S.K.: 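This is the structure I have questions about; it appears just below.
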Amino acid sequence: MSKHKPRVFSGVQPTGNLHLGNYLGAIVRFVDLQEDHDCIYCVVDMHAITVWQDPKELMKSTREVTAAFLAAGIDAEKHIVFNQSRVSQHAELAWVLNCTARIGWLNRMTQFKEKAGKNREKASVGLYDYPVLMAADILAYHAERVPVGEDQKQHLELTRDIAQKFNNDYAERIAELGLGRTEDGGFFPLPEPLIQGPATRVMSLRDGTKKMSKSDPSDYSRINLSDDADAIAKKIRKAKTDPEPLPETVEGLEGRPEAANLVGIYAAMAGVSKEDVLKDFGGKGFAEFKPALAELVVEKLAPINAEMKRLLDDVGYIDSVLKNGAERARAIAEPIHADVKKIVGFLD
Ligand code: TYM
């Protein structure tokens with residue numbers, strides 16, 4: 001008999017260039033989890049439009065993220081790859097969960113504060129509501145595990161709070177309908193965040209205290225999955241460092257954010273621990289470490305880059321993957337959402 005495999009859900013926004021943070025913090029983990037999980041990986045186009053997106057660029061980016069998933073080694077036949085807007089249960093469940101989530105909870109979301117900045121009054125309502133749609137993404141499939149980078153931790157805590165409040169608010173009704181699925185009779189399982197590995201927070205190459213991000217105006221702050229070998233080598237050569245040689249131990253990286261970041265990137269890229277990297281490079285200067293790092297990053301990203309280009313030449317294929325994935329995603333989300341409607345008391 002085949003054992004139940006835990007269900008994994010995660011998403012990536014199609015908002016321009018994917019970078020090394022997205023790759024190491026999320027996509028590499030997505031690939032690893034395929035072995036012993038049932039995975040659903042989503043290109044979250046509805047999240048993307050919480051800030052302005054040119055429609056044609058959005059279509060292009062949606063296909064690019066899909067190509068990156070496939071090129072990195074996600075198996076879209078064994079698992080599910082699709083774009084969010086194709087499965088209407090995400091939006092429908094988000095509405096119900098909007099009525100569960102509290103304004104006070106959303107007011108605490110640091111990502112909204114960062115993204116909205118000083119111009120809060122002009123931010124879209126969607127940007128404010130972003131984390132509730134994210135909760136809907138996960139809960140629509142009763143997903144149990146969610147691999148993400150460190151920056152999504154607070155959103156996942158909110159998802160758990162929303163799931164718990166829904167389970168409590170409707171506890172009697174869930175029991176009456178016999179729809180309890182968790183040990184304590186709840187309808188939604190509380191999803192577990194998976195924030196693992198040496199690169200859960202890849203930092204900017206220009207400032208080791210700032211997260212590597214798509215929105216940084218300096219392209220030298222990040223390595224894009226679309227960068228060629230020359231660009232990668234140049235960006236690593238120019239990366240900010242300090243004058244000391246690398247330490248022998250991980251503790252020695254404390255207070256040295258740029259060194260810690262580069263060692264973390266090396267470890268994640270090589271699939272080893274930071275300790276292992278320092279065994280080889282402790283005591284050596286950046287003049288020696290940087291070329292080795294550049295070589296490693298180029299060696300790992302070049303085949304992905306080439307495969308992405310090959311896939312993007314065949315838009316028809318990419319689109320068929322997304323369409324097929326959406327059909328399979330819908331088949332899971334539909335019955336769960338039908339139960340949500342019963343629980344809430346919507347006549348159907
Ligand atoms: P997004 O598109 O901003 O980022 C995609 C994934 O990349 C991770 N990430 C990083 N990891 C390490 N270092 C970095 N510098 C770095 N920058 C980004 C993010 O943590 C994320 O895992 N809200 C999500 C998308 C989403 C989602 C979901 C995720 C929508 N619905 C449901 C999980 C489950 C986001 O904005 O990711």
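Just so you know, ligand 1 is whichever comes first in the structure, and atom 1 is the first atom listed for that ligand. When a residue number appears, it is its place in the shown sequence, counting from 1. Please read these numbers as outputs of a predicted model, since none were measured by experiment. The analysis underlying the following values was restricted to heavy atoms, covering all of them including side chains, and did not include hydrogens, waters or symmetry mates.
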S.K.: Can you confirm if the NZ or CZ of K115 lies within 45° of the ring axis of Y130 and under 6.0 Å from the centre of its six-membered ring?
M.R.: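 Checked: cation-pi criterion met.
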S.K.: Give me each pair satisfying ring-ring contact (aromatic ring centres under 6.0 Å, His included) with a member in residues 224-260, each pair once, sequence neighbours excluded.
M.R.: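 Listed once each, the pairs would be none.
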S.K.: Could you list who else is in W95's hydrophobic cluster, with ILVMFWY side chains joined at under 4.5 Å, directly or through other members?
M.R.: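 Listed partners: none, W95 stands alone.
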S.K.: Going by ring pair (Phe, Tyr, Trp, His ring centres under 6.0 Å), F30 matches just one of Y23, Y41, F9. Which one?
M.R.: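 Going through the options one by one, the only one that passes is Y41.
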S.K.: Residues around ligand 1, heavy atom under 4.0 Å from any ligand atom, sorted by chain and number. Can you pull those?
M.R.: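 Shell around ligand 1 (4.0 Å, heavy atoms): F9, S10, G11, V12, Q13, H19, G21, N22, G25, A26, V44, H47, Y130, M134, D137, I138, V146, V148, G149, D151, Q152, A199, T200, R201, V202, K211, M212, K214.
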S.K.: Using ring-ring contact (aromatic ring centres under 6.0 Å, His included) as the criterion, list what pairs up with F166, not counting sequence neighbours.
M.R.: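 Per chain and number, F166 pairs via ring-ring contact (aromatic ring centres under 6.0 Å, His included) with Y170, F188.
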S.K.: Evaluate the ring planes of H90 and F82, with Trp represented by its six-membered ring, and classify them as parallel (under 30°), tilted (30 to 60°) or perpendicular (over 60°).
M.R.: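 Because their plane-to-plane angle lies in the 30° to 60° range, the rings of H90 and F82 count as tilted.
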